[in-house]
Amino acid sequence: MPGDFYDPQAIEPKWQALWERERAFAEPNPPPSELGENERATYVLEMLPYPSGELHMGHVKNYTLGDVVAHFRRRNGWKVLRPMGYDAFGLPAENAAIKEGGQPREITERNIGRIREQMRRMGWAIDWDREISTHTPEYYRWTQLLFLKLLERGLAYRKESLQNWCPNDQTVLANEQVVDGRCERCGAEVEKRSLEQWFFRITDYAEALLDEMNLLEHWPERVLTMQRNWIGRSEGAEVVFRVEGTEIDLPVFTTRPDTLFGATFFVMAPEHPLVSELVAGRPEAEAVRAYVKQAQTRSSIEREEKEKDGVFTGRSVINPVNNEAIPIWIADYVLMEYGTGAIMAVPAHDERDHAFARQYKLPIVQVIAPREGEIDVQAEAYVSSSTDDIMANSGEFTGLPSPEGKKKIIAWLGESELGEPKVTYRLRDWLISRQRYWGCPIPVVYCEKCGVVPVPESELPVLLPEVSDFLPKGRSPLAAAEEWVATTCPSCGGAARRETDTMDTFVDSSWYFIRYCDPHNVEAPWDREVVDHWMPVDQYIGGIEHAILHLMYARFFTKALADMGLLGFREPFSRLFTQGMIYYHGAKMSKSKGNVVAPDAMIKRYGADAVRLNILFMGPADQDAEWQDSGVEGTSRFLGRLWRTVLEAAGAEKPLGSEVTPLVRKTHQTIAKVTDDIDRRFVFNTPIAAVMELVNEINRAPEDPGARFAAETAVSLIQPYAPHIAEELWQRLGHERLWIEPWPAFDASLLEQESFELVVQVNGKVRDRIEASVGASEQELVELASSSPRVAAFLEGKTLRKTIVVPRKLVNLVVG
RNA sequence: GCCGAAGUGGCGGAAUUGGUAGACGCGCUGGACUCAAAAUCCAGUGGGCUUCGGCCCGUGUGGGUUCGAUUCCCACCUUCGGCACCA
C-alpha cells in the first residue's frame with residue numbers, strides 16, 4: 001500500500017488501470033432490449049475534440065464537466081452512454097505535413113495516440129470500446145453514404161457562384177467560416193471567386209431550424225439568439241419592376257412595401273446576370289463594364305468601408321404602383337447573394353439609399369411620416385419601425401397607418417400580379433467542398449457522357465489515396481493522384497474522372513453523435529432501433545464558439561436524416577451547456593501567443609484530481625475564466641487535507657451511533673446542497689466549496705460520533721470531481737468500487753437545525769443576532785427581539801409602527 | 001446602429017423565491033511546530049471612525065419601489081459576445 005501521505009502519482013495510475021481492466025464505463029451494444037426496474041438510459045456527450053496532440057485546458061474543462069454529470073447520473077441509477085473520439089480530418093495536420101514532411105494520416109494518428117494517453121491520465125469515465133475517428137475508412141465510408149443520401153434527395157447539389165476564397169489556405173470557405181471578412185482559421189482577408197462547388201441545401205430547413213427551437217427548452221438563450229440572427233428571417237414582399245421598353249422583369253425583395261411610392265431609383269448588384277444584357281449597345285456600356293470590373297477587384301471589407309459609388313445604366317424601370325420610370329444604377333452596396341440581387345431604392349427611408357442619392361443628386365421623396373413631429377428627409381433618412389407611422393404621398397394609400405398599408409399594398413400587388421408576400425433568409429446554403437487533401441473524398445465521378453454520377457453505395461468507401469505533395473495550388477492536391485482520379489463511369493462504363501475536392505470537416509462532425517450509439521456496425525451507419533434507445537443526447541457540453549457552426553449543421557443533418565426515416569427524432573441535443581473559455585494573462589490560450597498552460601505538466605506536478613477540481617472550482621462553468629497557477633495549489637492542498645482528515649476518521653474506533661450531532665446535520669445539508677447544485681442548478685463550483693466546508697467541520701470536531709459518517713460522505717460526494725483519491729480513500733475506509741455505489745441520500749428531517757440565529761432589524765438595519773428555537777411562534781420571536789438590550793437602544797423614545805417576521809430568519813421592527 | 005450577457009474585498013468567486021453581503025479558495029499579516037526551512041496547524045483579514053461597547057459607509061453611477069434591494073423598475077457608464085451595406 002502506498003505511504004500514508006497523499007501521493008497522486010501512486011494512486012491515479014492504480015485506479016486508471018483498474019477501470020480499464022474492468023471496462024468500468026462501457027455500455028454493451030446493442031443495449032439490453034428492456035431496461036430493468038428503476039433503470040434509465042442517458043446519453044452524456046461532450047464535443048468531439050480535434051486531436052492536436054496536446055490536451056489543452058478547454059478540453060480539461062469540457063470533459064471534466066461531462067465526467068461529473070456522467071458519474072452523478074450513473075450513481076443515481078442511470079445507464080450512461082459516454083463515448084469519445086476524434087475529429088481527425090482538417091487543415092492543421094495537412095499544414096504540418098507540408099512544413100515538416102510526412103503524411104497527414106501518420107501525423108494525425110500519432111497525435112491521436114498522444115491525446116488518448118493524456119485523456120486516460122485525466123481519469124475520465126469514458127466508454128473506450130466506442131472510440132471512433134472521423135479519418136478512418138470505417139467512419140468516412142458512412143459520411144460518404146450520407147452524402148449520397150442527401151444527393152438523392154436533392155439536398156446536395158453543385159452550382160457555380162461567387163464564393164469566399166481564402167488566399168492563404170487556398171480553398172473556399174463556408175459563409176459561417178468567414179468572420180469580419182476574414183478566414184476564421186488563419187485570419188487572411190477573404191476574396192470572392194466564382195467557382196463551381198458542392199453545397200448542402202440547409203436553406204430548405206431554415207424554417208424548421210427556427211420553428212423547432214421550441215424543442216430545445218434547455219438550450220442557453222444566447223445560443224438560440226445567435227442562431228436566430230444567423231438564419232435572419234425577414235418578412236416582406238417580392239415586387240416586379242419591368243425594364244422600360246423591354247420585356248425584362250426585375251424582381252426585388254423589400255421588407256417595406258409601404259414605401260413603394262418613395263422609390264426614386266433602382267439598383268442592381270454588379271454581379272447581376274442581366275447587367276450586360278441591359279447595357280448592350282448603349283453609350284453607357286463601357287462605363288458600366290469598367291465599374292463592374294473594378295467592383296470585382298474589391299474585397300468585401302473594402303466594399304463596405306469605402307464611400308458608396310455606382311454607375312448609371314441609361315435604362316429605367318417602371319414603378320408598378322404609380323407607373324413612373326425610375327433610373328437603374330449599378331452599385332456594389334447591393335449584394336448579389338441576398339434577396340434578388342436588385343433593390344428598389346427609397347432614399348427618404350433607408351440610410352444606404354439616402355447616402356447614394358446624396359452622392360449622385362437623386363431625388364428624395366418622403367412617403368412615411370411620424371404621427372407627431374417634423375422630419376426632414378432631405379437631411380436624413382427617416383427609418384422607423386414605429387407602428388404609429390402614416391403613409392404619405394402614396395396615392396390611394398395615403399393616410400393609412402404603415403402596418404396596414406403594408407398589407408394593403410401586398411394585396412394590391414397580388415391582384416395585379418406584380419408581386420407577392422415573400423420570406424427571405426440571411427442563411428445561405430452550406431458550401432461543403434474544399435480544395436484540400438486531408439478530408440473525406442466526395443463520392444462522385446464526372447463522366448463526359450453521363451455528367452455527374454454518384455459512386456454506387458456498394459463501392460464505398462472511396463478511399464483517400466496517399467499523395468506526396470500537399471502544397472495548396474488552388475485545386476485539390478488529390479488532382480495530382482492521376483491513377484486515382486482516372487476511373488470508369490459506374491453508369492456507362494466509359495472513362496470518367498473522380499471528384500478531387502474533399503468535404504468540409506464540419507460534415508464529419510455533423511453525425512458522429514449518432515455513430516457512437518452503434519460504432520462498429522459494418523452493415524449500415526447505424527441501426528435505428530439502437531440509436532433511438534440512446535438519442536437524442538440528453539446533455540451536450542461544449543464551447544460557446546460552436547454556437548452557430550457545428551450546432552446548426554448537426555441540427556440540419558438530424559432533421560434531414562429524420563425526414564429520410566433514418567432517425568426517430570428531429571433535434572440531436574435536448575440539453576446544451578456551453579462552457580466559457582479559459583484565458584491566461586488576459587488572452588485566449590494559444591501556441592502562437594506562447595501563453596499555453598499544458599494540463600500534462602500540471603498533472604505531473606499536482607495529479608489529475610487537483611487539476612480537475614481546480615478547473616471547476618474556478619467559477620461558474622458557463623463563464624469565461626482566467627487560469628491562475630495558484631488555484632491548483634489550493635485544490636491540491638484541499639485534497640491533502642481531505643486525505644488526512646478521512647484517514648484520521650477511519651482510524652478512530654468510534655461507534656457509528658444514531659446520535660444526531662451538528663456534524664451529522666451538516667453532512668445531510670451538504671448532501672442536499674451538492675445534489676441540488678449538480679442535478680437541478682447545474683452548477684459545479686459551489687458543490688466543491690460545500691464539501692470543503694464539510695471537511696473543515698470534521699477537522700474542527702474530530703471526536704464527534706458522526707465524524708466517520710461525515711468523512712465517508714465527503715469522499716462519496718467528491719468522487720465525480722476527484723475519482724482517484726475518492727476510490728483510494730473509499731477502499732481504505734473498507735469499501736469497494738465507489739463509482740457504482742449509489743449516490744448518498746439525505747434525511748430531509750435533519751436539514752433544519754433545532755435552533756437558529758434570529759436576525760433582529762430596526763428599520764431594516766441589523767442590530768442584533770439572537771439564538772432562537774425553530775419552534776418559536778411569531779409572537780415569541782417579536783418578544784425575543786424586543787427584549788434585546790442592543791435593540792432597546794434603538795427603540796427608545798420611538799413608537800413601534802410595524803413588525804415584520806420572516807419565519808426562521810428575522811424580525812424587523814419598524815419605528816418612527 | 002440593433003440584440004444579448006456581465007459589473008460584488010488585493011484576486012477567483014458565494015449569496016437558489018426581495019430577508020444576516022463577502023461562503024469557499026487564493027493572497028497577505030501574526031502565531032505554533034522547527035537549529036532553520038518546507039509542509040502542516042491556529043488566529044486575523046471590505047473601508048473609515050472608535051471612549052474597544054460599538055457606530056457609519058459599502059455590491060459600476062444616479063434615481064425609484066419596499067419595513068428591507070447584490071436581487072425588482074427607470075436612466076446612464078464600462079466591459080464582453082453576437083449580428084450589421086441583408087434591402
Side-chain angles (χ1 to χ4, degrees), chain A residues 5 179-180 220-230 232 234 236 252-256 259 267 300 303-306 308 331-335 337-346 349-353 355-356 383 385 424-428 544-545 547-548 580-581 613-614 617-620 622-635 637-638 640-641 644 673 676-677 680-681 683 685-693 695-696 699 757-769 789-790 793 801-816:
Chain A
F5 62 96
V179 177
D180 293 332
E221 195 52 48
R222 64 172 168 159
V223 174
L224 296 178
T225 303
M226 280 161 75
Q227 293 208 357
R228 251 182 234 115
N229 282 343
W230 190 262
S234 281
V252 302
F253 172 72
T254 178
T255 55
R256 297 294 306 270
T259 65
V267 190
S300 52
R303 278 189 177 199
E304 209 170 318
E305 283 174 354
K306 70 173 173 58
K308 290 203 172 15
D332 64 7
Y333 80 92
V334 173
L335 309 175
E337 307 94 87
Y338 186 77
T340 62
I343 62 155
M344 63 169 200
V346 184
H349 306 292
D350 182 285
E351 280 167 21
R352 297 152 299 174
D353 297 343
F356 195 82
V383 186
S385 50
T424 298
Y425 301 91
R426 207 190 77 99
L427 182 71
R428 311 281 153 75
I544 183 72
E545 63 273 20
I548 297 170
M581 288 195 287
L613 216 42
N614 180 56
F617 187 58
M618 280 163 63
D622 56 348
Q623 281 172 29
D624 291 346
E626 172 86 15
W627 176 266
Q628 276 166 346
D629 294 320
S630 59
V632 68
E633 298 252 12
T635 48
R637 214 177 286 171
F638 162 67
R641 201 159 62 241
R644 290 186 299 275
K673 163 80 179 162
D676 185 54
D677 279 359
R680 181 183 63 83
R681 297 179 70 206
V683 295
N685 52 333
T686 46
I688 301 173
V691 176
M692 285 175 169
E693 269 187 73
V695 172
N696 291 344
N699 270 324
E757 200 176 49
L758 177 71
V759 171
V760 184
Q761 297 181 337
V762 177
N763 289 347
K765 294 199 176 200
V766 180
R767 296 304 177 185
D768 201 1
R769 297 180 170 92
R790 288 185 187 176
R801 302 210 183 275
K802 199 172 171 185
T803 58
I804 286 134
V805 180
V806 181
R808 290 169 194 185
K809 281 231 168 80
L810 63 77
V811 169
N812 186 10
L813 305 170
V814 184
V815 296

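In what follows, chains carry the letters A, B, and so on, assigned in the order in which the sequence lines appear, proteins first and then strands, with residues in each chain numbered from 1. Nothing here was measured: the structure is a model prediction, and the numbers come from that model.
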A:E351, CD atom: more than 12 neighbouring heavy atoms under 6.0 Å: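 Incorrect, the count does not exceed 12.
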Heavy atoms of other groups near A:N696 CG, more than 12 under 6.0 Å: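 Atom CG in A:N696 is packed in, count exceeds 12.
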Whole-Å distance between [N] [atom2] and [X] [atom1]?
X      : N     : atom1 : atom2 : answer
A:N614 : B:G13 : CG    : P     : 12 Å
A:R808 : B:U20 : CZ    : P     : 17 Å
A:D180 : B:G82 : CG    : C1'   : 11 Å
A:N812 : B:C67 : CG    : C1'   : 5 Å
A:D622 : B:G81 : CG    : P     : 16 Å
A:M226 : B:C3  : CE    : P     : 17 Å
A:D624 : B:G7  : CG    : C1'   : 14 Å
A:W627 : B:C11 : CH2   : C1'   : 16 Å

Distance, [atom1] atom - from [M] to [N], rounded to whole angstrom:
N     : M     : atom1 : answer
B:G7  : B:C76 : C1'   : 14 Å
B:U17 : B:A6  : P     : 14 Å
B:A15 : B:U71 : P     : 15 Å
B:G10 : B:G47 : C1'   : 13 Å
B:U45 : B:G53 : P     : 16 Å
B:U70 : B:G60 : P     : 9 Å
B:G58 : B:G9  : P     : 14 Å
B:C55 : B:U61 : C1'   : 27 Å

Check: A:N812 side chain, A:G764 main-chain N or O, donor-acceptor pair, under 3.5 Å: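 Judged by distance alone, yes, a pair lies under 3.5 Å.
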May I ask you to say what [X] touches in the nucleic acid, namely base, sugar-phosphate or nothing, with a heavy-atom cut-off under 4.0 Å?
X      : result
A:R228 : nothing
A:D350 : nothing
A:V334 : base
A:V814 : sugar-phosphate
A:E757 : base
A:K308 : base

In terms of side-chain heavy atoms of [X], which of [options] is nearest?
X      : options             : answer
A:S234 : B:C83, B:G13, B:A87 : B:A87
A:V759 : B:G82, B:A87, B:U20 : B:U20
A:F253 : B:U16, B:G13, B:A87 : B:A87
A:R681 : B:A87, B:C83, B:U16 : B:U16
A:V806 : B:A87, B:G19, B:C57 : B:G19

Partner residues of A:K306 under the salt bridge (charged side-chain N to carboxylate O under 4.0 Å, His left out) criterion, sequence neighbours left out: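 With neighbours one apart ignored, the set is A:D309, A:D332.
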Closest approach of [X] and [Y], non-hydrogen atoms and distance?
X      : Y      : result
A:D624 : A:M581 : OD1-N, 2.7 Å
A:D629 : A:V632 : O-CG1, 3.3 Å
A:Q227 : A:A547 : NE2-O, 2.9 Å
A:S234 : A:F253 : O-CZ, 3.6 Å

Parallel, tilted or perpendicular: ring planes of A:F356 versus A:Y333, cut at 30 and 60 degrees: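 If you compare the ring of A:F356 with that of A:Y333, the planes turn out tilted.
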In B:G13, glycosidic geometry as syn within 90° of 0 or anti otherwise: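 Base orientation relative to the sugar is anti.
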Base orientation of B:G82, syn vs anti, 90° cut from 0: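 Base orientation: anti.
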Audit row: A:F5, A:R644, side-chain contact (heavy atoms from CB on, under 4.5 Å) steps and yes/no: CA-CA 8 Å; A:F5 62 96; A:R644 290 186 299 275; over 6 Å; no
So, under a plain 3.5 Å distance rule, would you say the side chain of [X] forms a donor-acceptor pair with the base of [N]?
X      : N     : answer
A:K765 : B:U20 : no
A:E351 : B:G1  : no
A:N229 : B:C83 : no

Phosphate-side-chain proximity, A:K809 and B:G19, N/O vs OP1/OP2 below 4.0 Å: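 So the side-chain polar atoms of A:K809 never come under 4.0 Å of the phosphate oxygens OP1 or OP2 of B:G19.
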A:N699 vs B:C41: side-chain N/O to OP1/OP2 distance below 4.0 Å: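 No, A:N699 has no side-chain N/O under 4.0 Å of OP1/OP2 on B:C41.
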In Å and rounded to the nearest 0.5 Å, what is the [atom1] to [atom2] distance from [X] to [Y]?
X      : Y      : atom1 : atom2 : result
A:I688 : A:M618 : CD1   : CE    : 11.0 Å
A:N229 : A:M226 : CG    : CE    : 8.5 Å
A:D350 : A:I343 : CG    : CD1   : 6.5 Å
A:M692 : A:L613 : CE    : CG    : 6.0 Å
A:R637 : A:R641 : CZ    : CZ    : 8.5 Å
A:N685 : A:Q623 : CG    : CD    : 9.0 Å

Intermediate values then yes/no, side-chain contact (heavy atoms from CB on, under 4.5 Å), A:R681 and A:K673: CA-CA 10 Å; A:R681 297 179 70 206; A:K673 163 80 179 162; 3.7 Å; yes
For RNA chain B, the dot-bracket pattern of Watson-Crick and G-U pairs whose distances stay under 3.5 Å, | for other-strand partners: (((((((..(((......[....)))((((((.......))))))((((....))))..(((((..]....))))))))))))....
Got a list of protein N/O to nucleotides 8-10 of chain B N/O distances below 3.5 Å?
none

Expected rows: protein N/O vs nucleotides 53-55 of chain B N/O, under 3.5 Å:
residue : atom : partner : partner atom : Å
B:G54   : OP1  : A:R790  : NH2          : 3.1

Can you check nucleotides 45-52 of chain B for protein contacts, nitrogen or oxygen pairs under 3.5 Å, and list what you find?
none

Nucleic acid footprint by protein, nucleotides 22-33 of chain B - heavy-atom cut-off 4.0 Å, B for base, S for sugar-phosphate alone: -BBSSS------
